[in-house]
Amino acid sequence: MSVHIAAKKGEIAETVLLPGDPLRAKYIAEKYLENPVQYNNVRGMMGFTGTYKGKKVSVQGTGMGIPSISIYATELITEYGCKNLIRIGSAGSYQKDVKIRDIVVAMATSTDSNINNLRFPGANFAPTASYELFAKATAAAKEKGIEFKAGNVMSSDTFYGDDKEAWKHWADFGILCVEMEAAGLYTLGAKYNVNTLAILTISDSLVTGEATTSEEREKTFNDMIEMALGTL
Ligand SMILES: O=P(O)(O)O[C@H]1O[C@H](CO)[C@@H](O)[C@H]1O
Ligand SMILES: O=c1cc[nH]c(=O)[nH]1
């Protein structure tokens, strides 16, 4: 048992899917895993282990934001020996050709978080995806006929920022979309030498103001989940 996860050693798989929403973790366990067992409910942050096509896999809610995902990722890596951490989350589009329901694989992350300024004062660390997981996830997508975009994404510390136009500057530099955790996850992957990846589904667009319905989110979230499970 770690501070925030109630599992015993060996109860969590080497590969863990990481949705922000713990209810999405429950949904994935119930819909995709064979013989799922819930190993965590500390703070309601549900975690499950089961098998997918016979391969052991876990799914763990992380909460929202870099501080929260950093707690779960650190404990999964250092206390449970997890080696492949795959965030599956929602994101807001910054580009007109990145449309609602599109899937974005984060090759790299930019961030307004201070997390790496604290680690590398006066310098910039570039949090990037694991090539191994990126290659496996995109190969799985091609095999299943799932379309995706790949590039640099924004991991923001704010969902409700004061400057409503600030995103446009990042958009000018080709950032595809905004979410709130991937930069923290990728940095921990580098620190502990484990594989990390973020696969995102566009749930809303800052360009057009559109947003998905819950039914649409479920279908496209399934594609993203199947990409992540396809890395096993
Ligand atoms: O859908 P999830 O995984 O929670 O991800 C996105 O949604 C939350 C904001 O609503 C943030 O956590 C953001 O990163
Ligand atoms: O962090 C997020 C997630 C979805 N949509 C946004 O605009 N921001």
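Every number for a ligand or one of its atoms is a count from 1 in the order of the listing.
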For [atom], what is the closest protein heavy atom, and at what distance to 0.1 Å?
atom: atom 7 (O) of ligand 1; value: Ser90 OG, 3.2 Å
atom: atom 5 (O) of ligand 1; value: Arg87 NH2, 2.9 Å
atom: atom 8 (C) of ligand 1; value: Met64 SD, 3.6 Å
atom: atom 10 (O) of ligand 1; value: Phe159 CE1, 3.5 Å
atom: atom 4 (O) of ligand 1; value: Gly20 CA, 3.5 Å

query: In ligand 1, which numbered atoms sit nearer than 4.0 Å to a non-hydrogen atom of Glu179?
result: 14 (O)
Donor-acceptor pair, [X] side chain versus [Y] backbone, under 3.5 Å?
X: Thr111; Y: Ser113; answer: yes
X: Gln60; Y: Leu17; answer: no
X: Asn40; Y: Met45; answer: yes
X: Thr138; Y: Ala135; answer: yes
X: Asn116; Y: Arg119; answer: no

query: Any idea how Trp167 and Tyr94 line up, ring-wise: parallel (<30°), tilted (30 to 60°), or perpendicular (>60°)?
result: tilted
Identified side-chain contact (heavy atoms from CB on, under 4.5 Å) counterpart of Thr187 within the set Ser70, Ser155, Pro127: Pro127
message: The test is side-chain hydrogen bond (donor to acceptor under 3.5 Å, both in side chains); show your working for Ser2 and Glu79 and say whether it passes.
response: CA-CA 7 Å; Ser2 61; Glu79 306 274 346; 5.7 Å; no
Ignoring angles and geometry beyond distance, decide whether [X] reaches within less than 3.5 Å of ligand 1 through its nitrogen or oxygen atoms.
X: Gly89; result: no
X: Met180; result: yes
X: Glu181; result: yes

One pair per line, please: each N/O atom of ligand 2 matched with every protein N/O atom under 3.5 Å away, atom names first, then the distance to 0.1 Å.
| unit_1 | atom_1 | unit_2 | atom_2 | d |
| --- | --- | --- | --- | --- |
| ligand 2 | 5 (N) | Gly92 | N | 3.3 |
| ligand 2 | 5 (N) | Asp204 | OD1 | 2.8 |
| ligand 2 | 5 (N) | Asp204 | OD2 | 3.4 |
| ligand 2 | 7 (O) | Asp204 | OD2 | 3.1 |

- prompt: If you draw the axis of the six-membered ring of Tyr80, does the NZ or CZ of Lys9 fall within 45° of it and under 6.0 Å from the ring centre?
  reply: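 Output yes; distance and angle both within limits.
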- request: Salt-bridge test for Glu179 and Arg87: reply yes if a basic N is under 4.0 Å from a carboxylate O, no otherwise.
  value: yes
